[in-house]
Amino acid sequence: MPQRAIQLEGSWLVKLADEFEQPYMQQLRQFLRAEKRQGKRVFPAGDEIFAAFAHTPLDKVKVVILGQDPYHGEGQAHGLCFSVRPGVKVPPSLQNIYKEINAELGLPIPTHGHLTSWAKQGVLLLNSVLSVECARAASHQGKGWETFTDRVIELINREREGVVFMLWGSYAQRKGAIIDSERHCVLQAPHPSPLSAHRGFFGCGHFQAANDYLTQRGLAPIDWSLPEIP
């Protein structure tokens with residue numbers, strides 16, 4: 001696959017270009033092409049699949065939040081985990097994230113779910129699987145994306161130091177098991193889903209802890225508030 005065809009931000013592509021030559025990635029491309037040939041709608045749009053990387057270059061990563069799959073509803077997914085487009089109703093898990101930020105930091109609860117301002121500050125909003133079929137949750141699991149995003153986590157773990165990893169729920173915690181907790185700050189809690197948030201996500205203190213850790217390292221903390229969208 002020619003590198004010009006890979007819509008991955010340059011600092012990531014330099015380190016991950018070889019992944020696009022691997023058999024698993026070729027099979028994934030074939031799967032996605034076949035899905036589209038059959039008329040299936042895939043989210044997010046093709047030019048947004050790698051949006052998390054475009055907003056947060058490798059050397060700018062301060063925090064990694066690990067999600068699982070893109071939202072499969074109409075108009076929701078745009079390439080950043082937990083985030084939705086402006087004008088789309090804030091999903092329940094993100095509502096709970098906002099409640100925790102409000103409880104920890106006293107910040108107002110946003111009226112929208114568009115998290116691009118976090119990404120631009122160095123929060124890599126990474127789903128484990130980067131595509132999904134419309135209205136079919138988890139439909140692209142096991143097709144190769146997990147291998148690619150494992151490589152991303154391995155890369156950050158190896159090449160960077162002092163990154164905060166927020167691992168919410170058993171899925172993210174298993175995926176993040178390789179992270180060196182002596183080189184990085186690993187924060188674990190239940191998932192913010194309404195099914196599990198009351199088991200320990202509420203009260204986890206992760207957003208304050210992340211900013212304290214960054215500040216101790218001489219880095220600017222993340223502004224977890226979100227600007228209003230006109």
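Being a predicted model, the structure only gives us computed values, none of them experimental.
A donor-acceptor contact shorter than 3.5 Å is absent between the side chain of Glu21 and the backbone of Ala17. Without hydrogens or angle criteria, Arg199 side chain to Leu195 main chain gives a donor-acceptor distance under 3.5 Å. The backbone N or O of Ala220 sits less than 3.5 Å from a side-chain atom of Lys62, completing a donor-acceptor pair. Not a single donor-acceptor pair under 3.5 Å links the side chain of Asn102 to the backbone N or O of Ile109. The backbone N or O of Gln188 sits nowhere less than 3.5 Å from a side-chain atom of Gln173 that would complete a donor-acceptor pair. Checking side-chain atoms of Gln26 against main-chain N and O of Phe20 turns up a donor-acceptor pair under 3.5 Å. No donor-acceptor pair closer than 3.5 Å links the side chain of Gln76 to the backbone N or O of Val84. Not a single donor-acceptor pair under 3.5 Å links the side chain of Glu146 to the backbone N or O of Val129. Between the Asn211 side chain and the Pro221 main chain, no donor and acceptor come within less than 3.5 Å of each other.
Across all their heavy atoms, Ser11 and Leu58 have their closest contact at OG-N, 3.0 Å. Ile65 and Trp168 make their closest contact through CG2-CZ3, 3.7 Å (heavy atoms, listed as atom of the first residue, atom of the second, distance). Minimum interatomic distance between Phe201 and His191 (heavy atoms only, all atoms of both residues): CB-O, 4.0 Å. Minimum interatomic distance between Arg183 and Arg158 (heavy atoms only, all atoms of both residues): NH2-O, 3.1 Å.
Under the salt bridge (Lys or Arg N to Asp or Glu O under 4.0 Å) criterion, the residue pairs touching residues 37-46 are Glu35-Lys40, Arg41-Glu74, with sequence neighbours excluded. Pairs engaging residues 162-182 under the salt bridge (Lys or Arg N to Asp or Glu O under 4.0 Å) rule: Asp150-Lys175 [sequence neighbours left out]. For the salt bridge (Lys or Arg N to Asp or Glu O under 4.0 Å) condition, the pairs that include at least one residue of residues 127-145, sequence neighbours left out, are Glu133-Arg136. Note on residues 64-73: no pairs pass salt bridge (Lys or Arg N to Asp or Glu O under 4.0 Å), not counting sequence neighbours.
For Ala119, the side chain to side chain contact (heavy atoms under 4.5 Å, CB included) partners two or more places apart in sequence, or in a different chain, are His55, Thr56, Leu80, Leu125. Under the rule for a side chain to side chain contact (heavy atoms under 4.5 Å, CB included), the partners of Pro86 that lie at least two apart in sequence or sit in another chain are His114, Ile229. Glu161 pairs by the side chain to side chain donor-acceptor pair (under 3.5 Å) definition with nothing, not counting sequence neighbours. Partners of Val163 by side chain to side chain contact (heavy atoms under 4.5 Å, CB included), not counting sequence neighbours, listed by chain and number: Val61, Val64, Ile156, Arg160, Phe165, His184. Taking the ring-ring contact (aromatic ring centres under 6.0 Å, His included) definition, one finds that Tyr24 meets it with nothing, sequence neighbours left out. Residues meeting the ring-ring contact (aromatic ring centres under 6.0 Å, His included) test with Tyr71, sequence neighbours left out: none. For Pro227, the side chain to side chain contact (heavy atoms under 4.5 Å, CB included) test picks out Ser117, with sequence neighbours left out.
Of the N and O atoms on the side chains of His78 and Ser83, at least one donor lies less than 3.5 Å from an acceptor on the other residue. Looking only at atom types and distance, the side chain of His140 has a donor-acceptor partner in the side chain of Ser131 under 3.5 Å away. Checked by atom type, the side-chain pair Gln208/Asp212 shows a donor-acceptor distance below 3.5 Å.
In the hydrophobic cluster analysis, where Ile, Leu, Val, Met, Phe, Trp and Tyr join through side-chain heavy atoms closer than 4.5 angstrom, Leu187 is grouped together with Leu214.
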Checking side chain to side chain contact (heavy atoms under 4.5 Å, CB included) for the pair Leu107/Phe207: CA distance, chi angles, key distance, verdict?
-> CA-CA 11 Å; Leu107 297 174; Phe207 301 93; over 6 Å; no

Given Phe202 and His198, is the side chain to side chain contact (heavy atoms under 4.5 Å, CB included) satisfied, shown in steps?
-> CA-CA 6 Å; Phe202 290 136; His198 291 279; 3.6 Å; yes

Do Trp118 and Leu226 pass the side chain to side chain contact (heavy atoms under 4.5 Å, CB included) test, and can you show the C-alpha distance, the side-chain angles, and the key distance before you say yes or no?
-> CA-CA 8 Å; Trp118 292 359; Leu226 292 170; 3.3 Å; yes

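Side-chain contact check for Val152 versus Trp12: some heavy-atom pair is nearer than 4.5 Å.
Interatomic distance, CD1 of Ile179 versus CD of Glu154, reported as 10.5 Å (0.5 Å rounding).
Listed by chain and number, the hydrophobic cluster partners of Val132 are Phe43, where partners are ILVMFWY side chains within reach of under 4.5 Å, directly or through others.
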